[in-house]
Each structure stands twice: as structure tokens, then as C-alpha cells.
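Please read all numbers here as calculations on a predicted model, not as lab measurements.
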Amino acid sequence: MADSNLSITDICYAIGFESLGSFSMLFKKYTGCPPFEFRERLWKLNTLLREQPRAVIPHCFATMCGLESVTEKIAIFDNSIDAATC
């Protein structure tokens, strides 16, 4: 979904759903997010990975290795994208 140029509706029909509403409801049930929010989060994460790959290093590892500047970027990322909820 993150790498596709297809719309959510096109993806819904391409995988065999006949109703966007049914697809969205089932998608949210299993992922915790509606498809458009899930895609937006993936795009943000992919952008971060391309622009600042070290920012996704686990906090405990970054701290252990003395990478304080990385932990600051992680905090900024954590505040902009709450991975636990949509």
C-alpha cells in the first residue's frame, strides 16, 4: 500500500472487495487504522527512513552507543507519529 500509486479505492477493488466501506472497516479492525491513515503513516516512515535512516534506531541502542543526537530525532518522530493509536 505504501509503494503503490493506486488509490485506496482501486486497491480495495483490486484485491476483491466490492465495497470500500467493507474494506475500510475490516482493514481498521486488523490494523487499528483506516486505510488512508495507515498509508499516510507508512509514507511518513518511508520518508524518514530515506532522509534520516539513523532516526529509526531503537532508543535503548542509541543511548547505549552514545548517539544522543539520534535520540532527539527519535523523540521528534515519536511525537509526530503515535505508533500505538491512530
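D10 pairs by the side-chain hydrogen bond (donor to acceptor under 3.5 Å, both in side chains) definition with S7, not counting sequence neighbours. Residues meeting the side-chain hydrogen bond (donor to acceptor under 3.5 Å, both in side chains) test with T9, sequence neighbours left out: none.
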Check: residues 11-19 side-chain donor-acceptor pairs under 3.5 Å, at least two apart:
unit_1 : atom_1 : unit_2 : atom_2 : d
S19    : OG     : G21    : N      : 3.3
S19    : OG     : S22    : N      : 3.2
S19    : OG     : S22    : OG     : 3.4

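From R50, atom CZ reaches atom CG of L48 across 10.0 Å, with rounding to the nearest 0.5 Å. For the atom pair OG1 (T31) and CD (E37), the distance works out to 9.5 Å, reported to the nearest 0.5 Å.
What you find for R39 and L6 is that their closest heavy atoms are NH2-O, 2.7 Å.
Contact check for F23 versus P35: side-chain heavy atoms found under the 4.5 Å cut-off. You'll find the side chain of C33 reaches within 4.5 Å of the side chain of R41, heavy atoms only.
The hydrophobic cluster containing F38 does not contain M25, counting ILVMFWY residues as joined when their side-chain heavy atoms lie under 4.5 angstrom apart, directly or transitively. A chain of hydrophobic side-chain contacts below 4.5 Å, direct or via other Ile, Leu, Val, Met, Phe, Trp or Tyr residues, connects Y30 to L42.
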